[in-house]
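Read the structure below first, then the notes.
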Amino acid sequence: MDEQQAIAAVAKALESIPEKNFSAWPGGWPDQIGVSLVDAVFSIRAVYKTKHPAKGVLGRAKLFRDAYPDAANDLECLRNLGEKRIREVMGNGKTVGRFKSECIIEAADNFLSLTPPVRSATHLHALDPDHRSSYTEVKGLGDVTYEYLTMLLGQPGIKADRMIRGFVDAALKEQHLAPVTAETARRIVAAVHAAERPDVELQKFDHAIWIFQRDLPKTTL
């Protein structure tokens, strides 16, 4: 695949996204690593936001933060809650057959076992390979939601999930180009952002694409 052709195809597709989308990013959870971890893991193949304030991943994450404020930015407090308390608020969602709450506890334990430990938001560094592997070595978690975790904490990033990949692949299909991997989709979106909308923060750019793709009629997905 000619990556420059792919970038041009996605840049053209970008013209269909309403301008309002570029200011719709909810803002994440800066300085709240516990809530960010809960949000990132429960966002895996889930409805993120609904009209009901207590439903969807975002609504339940807010309830979780209010219920356990000491765990909002403290992974030791989060781990000590145990997975059942997380499940009571966030639900019984699973990833690769495991309760997402179990994955959260394991990831928190991995972060805390590092030297130095990752306990609060200021300790997590997106590009540190030990930090990344502490998350991705948990069965059911991977690179895409690790980057999303860092985005929720305020670091620039792209969550190359099925919505972002769907947008990229649809744009490529229009130009008779083959679909791409998550990593290639991420690279293409980053290039389009730099070329077309450097005025928009990367997280906001990513989210603009995400909600556009989410809101397409199901028959076009």
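Throughout, numbering of the chain's residues begins at 1 and tracks the sequence.
A cation-pi geometry, defined here as NZ or CZ lying under 6.0 Å from the six-membered ring centre and within 45° of its normal, holds between Arg87 and Phe99.
Residues Tyr68 and Val89 form a side-chain contact, since some pair of their non-hydrogen atoms from C-beta on lies under 4.5 Å apart. Counting heavy atoms from C-beta on, the side chains of Ile158 and Ile209 never come closer than 4.5 Å. Between Leu114 and Ser134 there is a side-chain heavy-atom pair separated by less than 4.5 Å. Counting only heavy atoms from C-beta outward, the side chains of Arg186 and Val189 never approach each other to under 4.5 Å. Ser120 places a side-chain heavy atom less than 4.5 Å from the side chain of His123. Leu149 has its side chain out of reach of Val41: every pair of non-hydrogen atoms, C-beta onward, lies at least 4.5 Å apart. In this structure, the side chains of Ile164 and Gln213 stay at 4.5 Å or more apart for every pair of heavy atoms. Side-chain contact between Leu78 and Val38: present, with at least one pair of heavy atoms (C-beta onward) separated by less than 4.5 Å.
Checked against side chain to side chain donor-acceptor pair (under 3.5 Å), Thr145 has the following partners two or more places apart in sequence or in another chain: Tyr135.
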> Given Phe205 and Leu14, is the side-chain contact (heavy atoms from CB on, under 4.5 Å) satisfied, shown in steps?
Replying inline: CA-CA 10 Å; Phe205 183 80; Leu14 197 70; 3.8 Å; yes

> Step by step, would you call Tyr146 with Leu124 a side-chain contact (heavy atoms from CB on, under 4.5 Å)?
Replying inline: CA-CA 11 Å; Tyr146 174 74; Leu124 185 68; 4.1 Å; yes

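Cluster membership for Leu216 and Val10, using ILVMFWY side-chain heavy atoms within less than 4.5 angstrom, is shared. Leu141 is not connected to Val144 by any chain of hydrophobic side-chain contacts under 4.5 Å among Ile, Leu, Val, Met, Phe, Trp and Tyr, and they are in different clusters.
Annotation for Lys100 and Ile44: closest pair NZ-O, 2.6 Å, computed over non-hydrogen atoms. Minimum heavy-atom separation, Ala126 to Arg132: O-NH2, 4.1 Å. Residues Ser43 and Ala40 come closest through the heavy atom pair OG-O, 2.7 Å. Here the shortest heavy-atom pairing between Ile188 and Glu3 reads CG1-CG, 4.3 Å. Listed here is the closest heavy atom pair of Asn73 and Ala121: OD1-N, 2.8 Å. Summarising the geometry of Gly34 relative to Leu75, their closest heavy-atom pair is CA-CD2, 4.1 Å, with the distance given to 0.1 Å.
Within 6.0 Å of CD in Glu137 there are more than 12 heavy atoms belonging to other residues, nucleotides or ligands.
Between Glu19 and Arg197 there is a salt bridge, with a side-chain nitrogen of the basic residue lying less than 4.0 Å from a carboxylate oxygen of the acidic one. Salt bridge annotation for Glu106-Arg98: present, with a cationic side-chain nitrogen under 4.0 angstrom from a carboxylate oxygen.
Residue pairs meeting the ring pair (Phe, Tyr, Trp, His ring centres under 6.0 Å) criterion with at least one member in residues 158-183, sequence neighbours excluded, are Phe167-Phe212.
Here the OG-CZ distance, from Ser36 to Arg65, works out to 10.5 Å after rounding to the nearest 0.5 Å. Rounding to the nearest 0.5 Å gives a distance of 8.0 Å between NZ of Lys159 and CG of Leu152. Atom CZ of Arg165 sits about 11.0 Å away from atom CD of Glu183, to the nearest 0.5 Å. Taking CG of Leu58 as the reference point, atom CZ of Arg60 lies at 12.0 Å (rounded to 0.5 Å). If you take OG1 on Thr95 and CD1 on Ile104, they are separated by 11.0 Å, rounding to the nearest 0.5 Å. Rounded to the nearest 0.5 angstrom, Asn80 CG and Arg85 CZ are separated by 9.5 Å.
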Check residues 20-33 and write down every donor-acceptor pair under 3.5 Å in which the side-chain atom is one partner and the other belongs to a residue at least two apart or another chain.
residue	atom	partner	partner atom	Å
Asn21	ND2	Ala208	O	3.2
Ser23	OG	Lys20	O	3.2
Trp29	NE1	Asp39	OD2	2.8

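The aromatic rings of Trp210 and His207 lie parallel to each other, with less than 30° between the two planes, well short of the 60° mark.
A distance-only check finds a donor-acceptor pair linking the side chain of His131 to the backbone of His125 [under 3.5 Å].
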